[in-house]
Peer 1: 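To start, I am sharing the structure in question, which I have written as structure tokens.
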Amino acid sequence: MGGLLNRFTSRMVLGELLIHGLLGSVVFVLILPALAQHFQQQFLDRSMTSALQLAATLEHYPRPPQDLADIRAGKLNLIHLNIQDGSITAIETDAAFGDQDDHTYHIAVPLKISGQNYILQLGYDERDTLGLIGQAQRYGLYIVLGYICLAVLMAAIMGPQLTRPLIRLREAARDIAAGKHSRRLELHSGIRELRQLAHDLESMRAELVNQSEALATREARLSTIMANVADALITVDKNGNVLSFNLAAERSFAYNASEVVGQDIHLLFSNSFTDIFAGGDNDTPLDIEQAAPYETLGKRKTGERFYVEASINEICQLDSSIFIIVCRDISERKQAEAEIKSLQEDLERRVIKRTRELAEANKELRHQALHDSLTSLPNRLLLHDRLHQAIRGAKREGRSIALMISDLDRFKEINDTLGHHFGDLLLQQVAVRLRGVLRDSDTVARLGGDEFAILLPDIEAPEQVTQAASKIAAAIDLPFIFEDQNIHIGISMGISLFPQNSEDASTLMRQADVAMYVAKRSNIDFALYRPDLDEHSLSRLSMAGELRRGLQQEEFVLHYQPTIDLRSDQVIGVEALARWQHPDKGLIQPDDFILLAEQTGHIRELTAYVLREALRQAQLWNSAGLRLRISVNLSARSLHDTELCQHIGELLQHWQLEAEQLQLEITERALMYDPMQAMQTLSQLHDMGVKLSIDDFGTGYSSMAYLKQLPVNEIKVDQSFVQAMLEHNEDKVIVRSTIDLAHNMGHQVIAEGVDNEATLELLREMGCDLAQGFHIHPPARATDLRQWLLHTGWRNEAGLSSEQQPGA
Ligand SMILES: Nc1nc2c(ncn2[C@@H]2O[C@@H]3COP(=O)(O)O[C@H]4[C@@H](O)[C@H](n5cnc6c(=O)[nH]c(N)nc65)O[C@@H]4COP(=O)(O)O[C@H]3[C@H]2O)c(=O)[nH]1
């Protein structure tokens, strides 16, 4: 029933019923009574008029008529004419229509007939009027009912006509609401308002279609971006519930979007981050300012935690906000940062360590720069510095200074005999003894070799100097003990004094040196400088000058000593040995000038000369059909000559000699002077094809490992062992071992200093390859050697014949 009443048509019908029922009631309540009243009033007026006319008519009668029926007019139920006494003077009627039950309306009219008072009583019939009223009421009822029925009928007919388009509009609105926008709304209705409504709805639909299409396009674009963006994008509401979850987020968190959407953000992040959303409601704004960008821990579906960098942005919508969390996996960056940090820490540690090491190395270098590495005594540089300081202080305070320069006696022999290892130990011991007898304020320096300097910066009396010198000499005179051997050396000291001899440091040095030379020559412990000593120094200086001159004047000559092959008894080569043909002093042996040449730097020029001359001679012999190997000695300094290899190459080319015809001899001691440099130069020479030989083998105490690496072809047993081997078994053992060792290393062995047949035979027996010595031939000029070569019993396959006269 309720549903029926809620329908538009039902409401219309009901409304019609109510309206027209009300109208009918009004008709009944207001109109019909008024009509009845009208009919009654008409009846009363007509009755009264009739009564008065009747009374007037009767008053004209001379007498009352017998029968009143003749004058009866209208429907009278009663008519009486009665005599009265005249008390009734006015007309009397019933109180109202229908007052009497007899349906008669009574009127009493006083009148006079012929002077007599009468009363005319009349009763008019009310039933016609009542009939009229009843009829009017009936008709009225019919009309109202018919009207109502007609109205209801009209409502029932019109209702659907109104509701049908409305239903159509409602359905269209429902379709729009349901998102079915595609169907165009077309409504054919005669009602303008409905048409207008339909038109508005259609506009609304079209607008919605446009909007939804735009929205769909935007959403599609947005979802494409969301899907393809590299960063994980998560939208959440204010309570931290996930609204969307893009592809990158799926990859990062290993969840499908469907598993996460609607879930609390706690599922994905650590508390420290999600606490931002804790207690979020619509009234309290989230404190996201501090949260961007935010490094936190993400939680994967697998339970794995990983570092993320997240930022939150609020997007305000109509009445609420959503939050976009943009986050990216920064595990690799974190790991890289951790690695960088660890590397940085490591680097810092290394830098600190390296700085410390550098500081130490610096200290060490400074120490090395100013100290002698063997004895740790100050070196020449530091001595000079201290000497200058001492001079300045002495000048200020009026003090004296003594400078001693000393040289050890017999050191060279000991060094040569026992080797440089013992020499080094000896120098160290000497340094200790020197320091032991001097005051802390004194300086003991090593100038190089066996040369020491002593600076006494505060001399009160000259005796003090001689006392100190005597103490030093006594200390050095005591034997040095090495491996149960007592070794005796001496010391020669030269002393110069400030300010007595000079006020200049260099002059003091030179003066002490001159005095030392005098002490040495005079075989005394020390000598004090005197100006007349200078001539000794000058003679030494003049020797150096003469050497220079001798080289310029080409006073040097070469002697050649032959080398024989012990298996074939052939002369296979010669060793070039330098001699100085001094214009005054005659022929000077190399032992007297090689050292000076090395000390003065003239050795370079001398070596160049020897090479040039020796190769020239070799070429002469070659052209005479005599192919001899030429051995040339190189000094330690020559190994440092950077132009040596190039120079040799040029000479070989100049004299058109094969490199292998040249052999270079380097003493074992020279090799040990700077083993690395020696190795480098020898390797270069070896690469050129030049033959190499280690001279004086067995005296240098070089390591076997080092010798094995040298690119040499030959080892020359030192003549001291060769000459002693017949008498001393140890030397024989040394020679034999050297031969075996050299053979094991793949080298040839040559024995030098063979000065008798027995030695030669023994060497032959030992398997020695080559020999050289006075017994075969002493060093001789090329011309002299030519004669020998022509007549010697030592054959040479290349053949020297009397027809072939080698050039000399
Ligand atoms: N007692 C004895 N001695 C013999 C015998 N056979 C050869 N000798 C000598 O032993 C030395 C061999 O030369 P060394 O070991 O290279 O030793 C050479 C070499 O180291 C050096 N020397 C000679 N000439 C040169 C040169 O041009 N340049 C360089 N740097 N050093 C040279 O001078 C050293 C001495 O040369 P020399 O006085 O010519 O002395 C030569 C030679 O005369 C023998 O049977 N008995």
Side-chain angles (χ1 to χ4, degrees), residues 293 295 297 305-309 328-390 392 420-421 423-432 434-436 440-449 451-453 455 636-637 639-645 669-684 686-687 700-711:
E295 281 186 12
L297 280 176
R305 311 253 159 162
F306 63 106
Y307 281 105
V308 289
E309 185 184 77
R328 93 176 33 154
D329 186 344
I330 55 166
S331 307
E332 283 182 13
R333 194 183 84 195
K334 277 281 179 193
Q335 197 182 340
E337 279 174 3
E339 279 170 17
I340 288 169
K341 196 174 165 210
S342 130
L343 283 173
Q344 269 176 346
E345 284 169 2
D346 189 41
L347 191 68
E348 273 170 28
R349 273 197 301 276
R350 280 169 190 234
V351 167
I352 291 168
K353 190 171 163 239
R354 189 53 55 86
T355 309
R356 204 180 298 130
E357 284 172 358
L358 275 174
E360 279 166 20
N362 235 350
K363 204 171 145 195
E364 179 62 26
L365 275 175
R366 199 177 144 68
H367 186 269
Q368 277 177 16
L370 297 173
H371 291 80
D372 168 50
S373 59
L374 181 68
T375 59
S376 292
L377 290 175
N379 62 11
R380 191 182 286 273
L381 206 65
L382 189 52
L383 173 76
H384 272 270
D385 186 52
R386 293 205 179 155
L387 183 57
H388 280 102
Q389 279 184 29
R392 279 199 296 275
H420 76 257
H421 173 64
D424 288 352
L425 289 175
L426 182 60
L427 289 170
Q428 287 171 339
Q429 294 282 331
V430 168
V432 171
L434 288 174
R435 269 263 53 106
D440 286 350
S441 55
D442 301 335
T443 295
V444 179
R446 185 178 170 220
L447 302 180
E451 236 186 357
F452 291 86
L455 173 66
R637 274 188 170 228
L639 294 174
H640 283 264
D641 184 352
T642 50
E643 291 168 7
L644 179 75
C645 298
R669 269 195 291 273
L671 290 173
M672 298 329 292
Y673 181 72
D674 186 349
M676 296 309 293
Q677 179 64 45
M679 176 75 82
Q680 202 176 328
T681 310
L682 295 189
S683 299
Q684 263 180 294
H686 178 261
D687 291 346
Y701 298 94
S702 46
S703 88
M704 240 23 247
Y706 174 73
L707 289 176
K708 265 170 74 179
Q709 291 174 29
L710 288 172

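Side chains are part of it too, since the values below use all heavy atoms of this structure and drop only hydrogens, waters and symmetry mates. The structure presented is a predicted model; accordingly, all values stated were derived computationally and were not measured.
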Peer 1: To the nearest 0.5 Å, what is the distance between CD (Gln335) and OG (Ser342)?
Peer 2: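 Reported value, rounded in 0.5 Å steps: 11.0 Å.
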Peer 1: Is there a side-chain contact between Glu360 and Arg356, using heavy atoms and a 4.5 Å cut-off?
Peer 2: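 Answer yes - side chains close enough.
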Peer 1: Hey, what do you get for CZ (Arg333) to CZ (Arg328), rounding to the nearest 0.5 Å?
Peer 2: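 Going from the CZ atom of Arg333 to the CZ atom of Arg328 covers 8.0 Å.
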Peer 1: Quick one: pull up CZ in Arg386 and CG in Leu455 and give me the separation to the nearest 0.5 Å.
Peer 2: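 The CZ atom of Arg386 sits 8.5 Å away from the CG atom of Leu455.
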Peer 1: Indicate yes or no: at least one non-hydrogen side-chain atom of Leu377 is less than 4.5 angstrom from one of Arg435.
Peer 2: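 A side-chain contact exists here, since the closest heavy-atom pair is under 4.5 Å.
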Peer 1: Quick one: does Pro378's side chain get under 4.5 Å of Leu383's, heavy atoms only?
Peer 2: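 Not in contact.
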Peer 1: In this structure, are over 12 heavy atoms from other groups packed under 6.0 Å from Glu332 atom CD?
Peer 2: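 No, the 6.0 Å shell around CD holds no more than 12 heavy atoms from other groups.
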Peer 1: Any luck finding a side-chain donor-acceptor pair between Asp424 and Gln428 under 3.5 Å?
Peer 2: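 There is no such pair between these side chains.
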Peer 1: Using side-chain hydrogen bond (donor to acceptor under 3.5 Å, both in side chains) as the criterion, list what pairs up with Glu364, not counting sequence neighbours.
Peer 2: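 Glu364 satisfies side-chain hydrogen bond (donor to acceptor under 3.5 Å, both in side chains) with Gln368 only.
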Peer 1: From Leu387 CG over to Arg380 CZ, what is the distance, rounded to the nearest 0.5 angstrom?
Peer 2: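 So the CG of Leu387 and the CZ of Arg380 are separated by 12.0 Å.
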Peer 1: If every non-hydrogen atom of Gln684 is compared with every non-hydrogen atom of Cys645, which pair is closest and at what distance?
Peer 2: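 Between these two residues, the closest heavy atoms are CB-SG, 3.7 Å.
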Peer 1: Can you find a pair of side-chain heavy atoms, one from Asp329 and one from Tyr307, that are under 4.5 Å apart?
Peer 2: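 No, too far: nothing below the 4.5 Å cut-off.
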Peer 1: Under the side-chain contact (heavy atoms from CB on, under 4.5 Å) test against Arg446, which residue among Leu374, Val430, Leu434 passes?
Peer 2: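 Per the side-chain contact (heavy atoms from CB on, under 4.5 Å) rule, the option paired with Arg446 is Leu374, out of Leu374, Val430, Leu434.
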Peer 1: At their closest point, which heavy atom of Ala369 faces which heavy atom of Leu381, and how far apart are they?
Peer 2: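 Nearest heavy atoms, Ala369 then Leu381: O-CD2, 3.9 Å.
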Peer 1: How long is the gap from OG1 on Thr681 to CG on Asp641, to the nearest 0.5 Å?
Peer 2: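 Rounded to the nearest 0.5 Å, the OG1-CG separation comes to 9.0 Å.
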Peer 1: Using the rule given for salt bridge (Lys or Arg N to Asp or Glu O under 4.0 Å), can you reason through Lys341 versus Glu337, listing the C-alpha separation, both sets of side-chain angles and the distance that settles it, and then say yes or no?
Peer 2: CA-CA 6 Å; Lys341 196 174 165 210; Glu337 279 174 3; over 6 Å; no
Peer 1: So, taking the atom named NE2 in His384 and the one named CG in Asn379, what distance separates them when rounded to the nearest 0.5 Å?
Peer 2: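 These two atoms lie 9.5 Å from each other.
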